[in-house]
Every structure is written in structure tokens, then in C-alpha cells.
Amino acid sequence: MGKPLEGIKVVEVAMWAFVPACGGMLADLGADVIKIEPPSGDPLRGLQIGGLNEEGRRIDYSWESYNRGKRSITLDLKQQAGRDVLYKLLEDADVFLTNLLPPARRSMQIDADTIRGRFPNIIYASGSAVGPTGPESEKGGYDAITFWARGGISSSLTEDGAELPVGPPGPAFGDTLSGSMLSGAICAAIAKRALTGEASTVDVSLLGTAMWSMQRYICQATADSVQKFPKPPANKPNNVLVSNYRTSDGRFLALCMLQADKYWAPFCEVAGRPDLASDPRFTDAKARRENVDACYGEVKALFASKTLAEWKDILSRQQGQWDVVQDVGEMKDDVQAQANGYLKRVDYGDGTEIPMVGLPMLFDGHAMKSTRSPELGAHSDAVLESLGYSEEEIIDLKVQGVVF
């Protein structure tokens, strides 16, 4: 089965996580993504945040995840000779992808006006911190500050009076979401060009993606002139069937039975407490809200009386919605993750394999295959040869420090 973006050529001049994550998605979808790195490489390569594998080799899963399936060429775009190589690459490219700050783009002559002026049929795609217009449009950002903090997410998760705001749950959380949004914008631009012949300049920002993610609260706060919605107390849910409960073996179950009156009696029946359903204090949603302390106490004690395994069996016998609060180390054993190819093993090229999370997109029932990320400049010679450079010309570029 062919991949949906086979035949699409993407040239990426980007670093860190946000936009490279977008490029990795496009590569998984079948695009030929050529990553141009400076002589020192994408600075993400130098963080050394990965762990050692069984053979004692350090694997940086941030690098591997966001740069999967690409080809790497090193070019010094501060030199005209380096830009000349870039322009040759762009002659038959479909997408130019970047997250360099606007001043750097202008100094390297890779800004939208320059690139679109030379190549009017190319889609110019950028990832920004806070958007391409406005007084702060040239400001940089990272997911922890621009997406998580400025975007209202951290504040909404933080209890009133907390010593510190809640931080992101993991590395590049906002970057990967924003990269996904940018890949969608690029695919839309590819479709638009195919239908109309018109190429576009597209931008996605960390701030804009955060606001999209928080739109329910932002819209209501704007309409109601509210500064912040207080975080609901965990010890007093509005609906006792929409909450998290601790089991006797210290695990947690998450319930999300929004149609409380539909599921309350069947839940009580399978849980062995039909008396709770018939109790006049708890007979319907209104009564349960009025007596929430007593009702919540009963349900909390009920869950604390049995193990996770017991509750999984019990809850599977009713129709209300629930799931286990899983640890990341359990995801590899999730039967649905396995069945749908959400976690795969990728050939690392040295006789070993590494785990990699696949795209959450299935085409005709199939998950997209992935390959590992490239070593720095691994494809420089091959890419230059494909552009018509002779062996002598390639050597000359290396002597000049244009290619490494």
C-alpha cells in the first residue's frame, strides 16, 4: 500500500522539536523530507537526554521521534554557496518548512518573500511562537513557556494557592501537538494547490495551538468576563460517576459517565450495592448533587474495597464509560495500542530495534511504517549528487566549509 504523501518533497530548515515533529509526521506519511542542518547540527542532537540501550548506546528518543524518516544534509546557509545548494533543492520541492526566527530567515534569504518570489509554486510553511503578525511576531518561544504557560493550560490545572504552577507532563508536549496542527495545515495547502493551482504561505503557532486546545474555557471566560475558572475540588465531584477512584491495591480508575441517571442504577447493581440506587438521597442526579458528600463517600469506599483487577471485571459488565489510569510504562502492553500499531519497533541500523510511537492515523486499516532518524549529514553526498554536483564540486563545497 502506498503512503498518502508519496511524491511530495519537503525541504526542512528547522531545529528543536515543534517544526521537526511536523516534518517527522510528513515523512511517516510518505513525503521525502530533506532536513538541512548547520555544520554543528540541530542543537537537539546535543542535549544528551536519552538513556542507554541494552548495548550501551545512547538513544535520544526526542531526536528519534521528531526526525524519523528524514534525510540529512549539512549546509552553511550563511554562505551564498550554501544558499545556492538550497535553491537547487527547492527547484522541484513542494514544501519549504522552517521555524527559524524572522530576522535569521531574512539574513539567510530564506524568508517567505524571498522563497516565494523565486519559487511561486512552493508552499511556505512556518512554525512560530505567537503568530506571524503583531508586535511580538519575531519573538521566539518554547512549549513550556509559550504553549503551556502563556496559553492558559498551566493556570487551569493549578490549584488556587499552590506554591508553583503545574508544569508540562513530559518533554515537548505542546511542540508535538503544534507540529501535528502544522502538518494538517500543510496537507490542506497541498490539497488547495492541487485543486486550484495556488500555493500558500501557512503558519501555526504554539500560542494558537494552546488556545485551540483551551477554546472551551477561553470562550466562556471571554463571554463571562472571568479571569480564571477555579479548578474543581477533587474531593467533591459534581457527578460522582465522573471522577477518579483509588482501588484497594493503590491503582486508579477514571469514570466518565456523563449521562449519570442512565448509568447509576446499572453501576450500583454490578458493583454489588443496589441499595445505593434505591436510597432516596441518591435516586437521581439532582438528589446526588444535593447529597454529594454522602454519595461520594459511599462510592469512594466502594472502589477502595476491591482491587483493580476486580473492578475491571465488574465495570466490564455495565455500559458506563470508564478506563484505567495507566502509567507510561504500561502503554506497551495496551492491547489496543498493539492492535492498531500505535507503538512499533523500528530498525536502528546496528542490528537492534528501538520503540517508536506511530502516527495516530490509519489509512485503509493500516498504520504508517516508520524508519529511524538520520545521522548528521548522512545524505549530504547523495543529495548533492542528485542535484547534479560532480565529485570535484562536492569536495570543493566541503573545502569551503559549505557542506560537512
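- Between the side chains of S373 and K70, no donor-acceptor pair of N or O atoms lies under 3.5 Å.
- A donor-acceptor contact shorter than 3.5 Å is absent between the side chain of T247 and the backbone of F252.
- Rounding to the nearest 0.5 Å places OG1 of T146 at 9.5 Å from CD of E136.
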Item to check | I153 and L157: CA distance, side-chain angles, deciding distance, side-chain contact (heavy atoms from CB on, under 4.5 Å) verdict | outcome: CA-CA 6 Å; I153 302 171; L157 290 171; 4.2 Å; yes

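- Atom NZ of K312 has 12 or fewer neighbouring heavy atoms from other residues, nucleotides or ligands inside a 6.0 Å radius.
- A donor-acceptor contact shorter than 3.5 Å is absent between the side chain of Q318 and the backbone of V270.
- No side-chain heavy atom of V11 sits under 4.5 Å from any side-chain heavy atom of V95.
- Of the possible polar contacts, one joining the H379 side chain to the S72 backbone as a donor-acceptor pair under 3.5 Å is found.
- Counting only residues at least two apart or on different chains, the ring-ring contact (aromatic ring centres under 6.0 Å, His included) pairs with a member in residues 167-206 are W148-F173.
- Residues R105 and L100 share a closest heavy-atom pair of NE-O, 2.5 Å.
- Q80 CD: more than 12 foreign heavy atoms inside a 6.0 Å radius.
- With hydrogens and angles ignored, the 3.5 Å screen pairs a side-chain donor or acceptor of D249 with a backbone N or O of L308.
- A distance of 13.0 Å separates NZ in K35 from CG in L75, rounded to the nearest 0.5 Å.
- Classification of E198 and R193 as a salt-bridged pair fails, no side-chain N sitting under 4.0 Å from a carboxylate O.
- Residues L44 and W16 come closest through the heavy atom pair CD2-O, 3.5 Å.
- Sorted by first and then second residue, the ring-ring contact (aromatic ring centres under 6.0 Å, His included) pairs with a member in residues 189-223 read Y217-F229; sequence neighbours excluded.
- Residues P355 and Y61 meet the side-chain proximity criterion, which asks for heavy atoms closer than 4.5 Å.
- By the 4.5 Å heavy-atom criterion applied to side chains, S243 and Y296 are counted as neighbours.
- Counting only distance, with no hydrogens or angles, the side chain of N340 and the backbone of Y342 share no donor-acceptor pair below 3.5 Å.
- Taking the side chain as every heavy atom from C-beta outward, P4 and F363 approach each other to under 4.5 Å.
- Salt bridge annotation for R251-E330: present, with a cationic side-chain nitrogen under 4.0 angstrom from a carboxylate oxygen.
- Residue Y263 comes nearest to P266 through the heavy atom pair O-CD, 3.3 Å, listed as atom of the first residue, atom of the second, then distance.
- Here the side chains of K228 and D160 are in contact, with some heavy-atom distance below 4.5 Å.
- Taking all atoms of both residues into account, the shortest heavy-atom contact from S128 to G131 is OG-N, 3.1 Å.
- Between L97 and L182, some side-chain heavy-atom pair lies under the 4.5 Å cut-off.
- Without hydrogens or angle criteria, E310 side chain to T307 main chain gives a donor-acceptor distance under 3.5 Å.
- From I394, atom CD1 reaches atom NZ of K398 across 7.0 Å, with rounding to the nearest 0.5 Å.
- Looking at D284 and K286, no side-chain N of the basic residue comes within less than 4.0 Å of a carboxylate O on the acidic one, giving no salt bridge.
- Counting only distance, with no hydrogens or angles, the side chain of S248 and the backbone of K306 share a donor-acceptor pair below 3.5 Å.
- Atoms CG and CE, from L206 and M181 in turn, are 11.5 Å apart once rounded to the nearest 0.5 Å.
- Within a 6.0 Å sphere centred on CD of E290, other residues, nucleotides and ligands contribute more than 12 heavy atoms.
- A salt bridge does not link D113 with R106: every distance from a Lys NZ or Arg NE/NH1/NH2 to an Asp or Glu carboxylate oxygen is 4.0 Å or more.
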Checklist entry - Taking it one step at a time, do L253 and V325 satisfy side-chain contact (heavy atoms from CB on, under 4.5 Å)? => result CA-CA 6 Å; L253 284 156; V325 178; 6.0 Å; no

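- Contact check on R71 versus E12 returns no salt bridge, with no Lys/Arg side-chain nitrogen under 4.0 Å from an Asp/Glu carboxylate oxygen.
- When D279, D293, D261 are each tested for a salt bridge (charged side-chain N to carboxylate O under 4.0 Å, His left out) with R288, only one passes: D261.
- Closest of all the heavy-atom pairs between N99 and P20 is ND2-CD, 4.2 Å.
- Counting all heavy atoms, side chain and backbone alike, L77 lies closest to G82 at CD2-O, 3.7 Å.
- Counting heavy atoms from C-beta outward, R68 and D28 have side chains that approach closer than 4.5 Å.
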Next on the checklist: E37 vs T74, test: side-chain hydrogen bond (donor to acceptor under 3.5 Å, both in side chains). Steps then yes/no.
Outcome noted: CA-CA 5 Å; E37 299 186 63; T74 56; over 6 Å; no

Next on the checklist: One pair to check against side-chain contact (heavy atoms from CB on, under 4.5 Å): R118 and L90. What are the steps and the verdict?
Outcome noted: CA-CA 9 Å; R118 294 179 67 111; L90 293 177; over 6 Å; no

Next on the checklist: Between R273 and D275, does the salt bridge (Lys or Arg N to Asp or Glu O under 4.0 Å) criterion hold? Intermediate values first, please.
Outcome noted: CA-CA 5 Å; R273 290 294 306 275; D275 58 299; 2.9 Å; yes

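- Contact check for V85 versus L397: side-chain heavy atoms found under the 4.5 Å cut-off.
- Between K192 and S200, the side chains place a donor N or O and an acceptor N or O closer than 3.5 Å (distance only, hydrogens not considered).
- If you check the side chains of S178 and D175, you find no donor sitting under 3.5 Å from an acceptor.
- Sorted by first and then second residue, the ring-ring contact (aromatic ring centres under 6.0 Å, His included) pairs with a member in residues 86-120 read F96-Y124; sequence neighbours excluded.
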Checklist entry - Are Y66 and F18 close enough, and set up right, to give a side-chain contact (heavy atoms from CB on, under 4.5 Å), and what steps lead you there? => result CA-CA 8 Å; Y66 313 144; F18 167 15; over 6 Å; no

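- Interatomic distance, CG of L387 versus CG of D84, reported as 11.5 Å (0.5 Å rounding).
- Judged purely by atom type and a 3.5 angstrom limit, N244 has no side-chain atom pairing as donor or acceptor with the backbone of L255.
- For the pair K9 (side chain) and L89 (backbone), a donor-acceptor distance under 3.5 Å is present.
- A salt bridge is absent between D60 and R45; no separation between the charged side-chain nitrogens and carboxylate oxygens falls under 4.0 Å.
- No more than 12 heavy-atom neighbours from other residues, nucleotides or ligands sit within 6.0 angstrom of CE on M211.
- The structure places CZ of R289 at 8.0 Å from CG of N239, a figure rounded to the nearest 0.5 Å.
- Side chain of K300 to main chain of C295: no donor-acceptor pair is present (N/O by atom type, distance under 3.5 Å, no hydrogens or angles).
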